[in-house]
2 protein chains.
Amino acid sequence: MDNTEKPTTPELADSTEQRIFDAAHQVFVQKGLDGAKMQEIADHAGINKALLHYYFRTKEKLFEMVAKAVINRAFPAVQQLIEADMPLEQKIERFVDFYIDLISRNPFVPLFIIGEINKHPDQFFEKIIPAAPPRPERFFRQVEEAVAEGRIRPISPRHLLVNVLSMCVFPIVARPMLRIVMGMSSQELNLFLKERKEEVKSFIFAALRP
Amino acid sequence: MDNTEKPTTPELADSTEQRIFDAAHQVFVQKGLDGAKMQEIADHAGINKALLHYYFRTKEKLFEMVAKAVINRAFPAVQQLIEADMPLEQKIERFVDFYIDLISRNPFVPLFIIGEINKHPDQFFEKIIPAAPPRPERFFRQVEEAVAEGRIRPISPRHLLVNVLSMCVFPIVARPMLRIVMGMSSQELNLFLKERKEEVKSFIFAALRP
DNA sequence: AAAAAATTTAACCAGATGGTTAAATCGGCG
DNA sequence: CGCCGATTTAACCATCTGGTTAAATTTTTT
């Protein structure tokens, strides 16, 4: 039914504090800062407003913690895989599989990040986003090498990465829009999204043929 | 500075009513139903709250009108091009150019549609979305024909369309996220997005080679 | 200039929401 | 049992926000 991931900070596992945090995580990610109500978070955690404010003083602080957790969970995972020590072709394959799985389990996360930055750019870049993240330099070099060796068709490494990301993330995030544009039922869409992993991989490798 | 499009209902052009509607359009699309405040819309239109409520009774009604305008402006344009009477290859080329332009001028629109459906699915599908939109059957047939003739590599028409859509829309919509993932400055991103049209087209046609 | 329409001012209301507080209650534990 | 921390209850407050209203003021029309 609800197959979205919930974060776990091991030390506090199963504690009330953790239950509240998980509830906040879910509500904030789905509805955003403005759309989320403290009462709804309390309900979702199975407690009341008083206790909610007892554990987390203010909505702002709670949101800040959740937002930090979201981005600290989302980006390092990607970074790690994209910069891993692994042949380019294999890396792309694993990346597509891994990333489609990841986004399928957390379909609201990309929307949450983009939306909140759009609505409150200042706070987000000040408080939530950490130090400058390292660029995927190794991946870029791998692509350039593969091009130089003639293993793949000449292509801009950055555009390749963005193409891969786009084809993995967008269909899952834009699910409600696809339903309209493609005129598909919810069931049809489920089947369609399951085919994506193979379809995206074959599309990419076809585009990369020399 | 602000290159987002504003809708124009010709009859009322330049009227106060239109100025208010345009302001509402801009604020709602950027901040969503919950994030938008009536006072902000009034400020943006250069009037006061009383007059705002004089022209548009309630926030709900105003939002409903804006949302309808957004989707009635967004989807038919796509539908028309994708179902046009035109050779497949040419159609894809024009579609990429047209769609990247369209989204660049309205970068918040896709996010708005997806986000609002996620937050208020009931209202949106009841009141905003019109009758069942026609599927892109002709496009699908064109792809199947091209495959049968061996002009392009075998591929699922629906996945092809979603791939094209993804590569056009996602990078523009996810701009704030790309900044983080790719570690690019705002200026670098502008240059990067300008290269996209050519880059996407060549990627697609490379993937379609038999 | 007079009349009519558009717009502003300023006050107000009601409901929702974030947040607080003190006392009561519950639950485990020595 | 009796203590102690966790949790609930219920009342309360301040603020924000959507919405209304009547009168005053400005602008447009006649």
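Below, chains carry the letters A, B, ... as their sequence lines are ordered, and counting in each starts from 1. All values derive from a computational prediction rather than experimental measurement.
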Relative to each other, are the rings of B:F21 and B:H25 parallel, tilted or perpendicular (30° and 60° limits)? tilted

Less than 4.0 angstrom between a side-chain N/O of A:T16 and OP1 or OP2 of D:dT7, yes or no? yes

Whole Å only: how far is the [atom1] atom of [X] from the [atom2] atom of [N]?
X     : N      : atom1 : atom2 : answer
B:I47 : C:dT9  : CD1   : P     : 12 Å
B:L51 : C:dT7  : CG    : P     : 5 Å
A:K61 : C:dG18 : NZ    : P     : 17 Å
A:I20 : D:dA6  : CD1   : P     : 12 Å
A:F63 : C:dG18 : CZ    : P     : 13 Å
A:D43 : C:dG18 : CG    : P     : 12 Å
A:I41 : C:dT17 : CD1   : C1'   : 12 Å

Could [X] and [Y] be called an ion pair, given the rule that one side-chain N must be under 4.0 Å from one carboxylate O?
X      : Y      : result
A:K127 : A:D122 : no
B:E83  : B:R138 : no
A:K31  : A:E40  : yes

Counting primed atoms, P, OP1 and OP2 as sugar-phosphate and everything else as base, the B/S/- map of nucleotides 12-30 of chain D against protein heavy atoms under 4.0 Å is -----SBBBB---------

Across the strands shown, which category fits A:Y55 at heavy-atom distances under 4.0 angstrom: base, sugar-phosphate, nothing? sugar-phosphate

So if I take every side-chain heavy atom of B:N48 and compare against C:dT9, D:dT7, C:dT7, which nucleotide ends up nearest? C:dT9

Test side-chain contact (heavy atoms from CB on, under 4.5 Å) applied to B:Q123 - qualifying residues, sequence neighbours left out: B:H120

Is the B:F95-B:Y99 ring centre distance short of 6.0 angstrom? yes

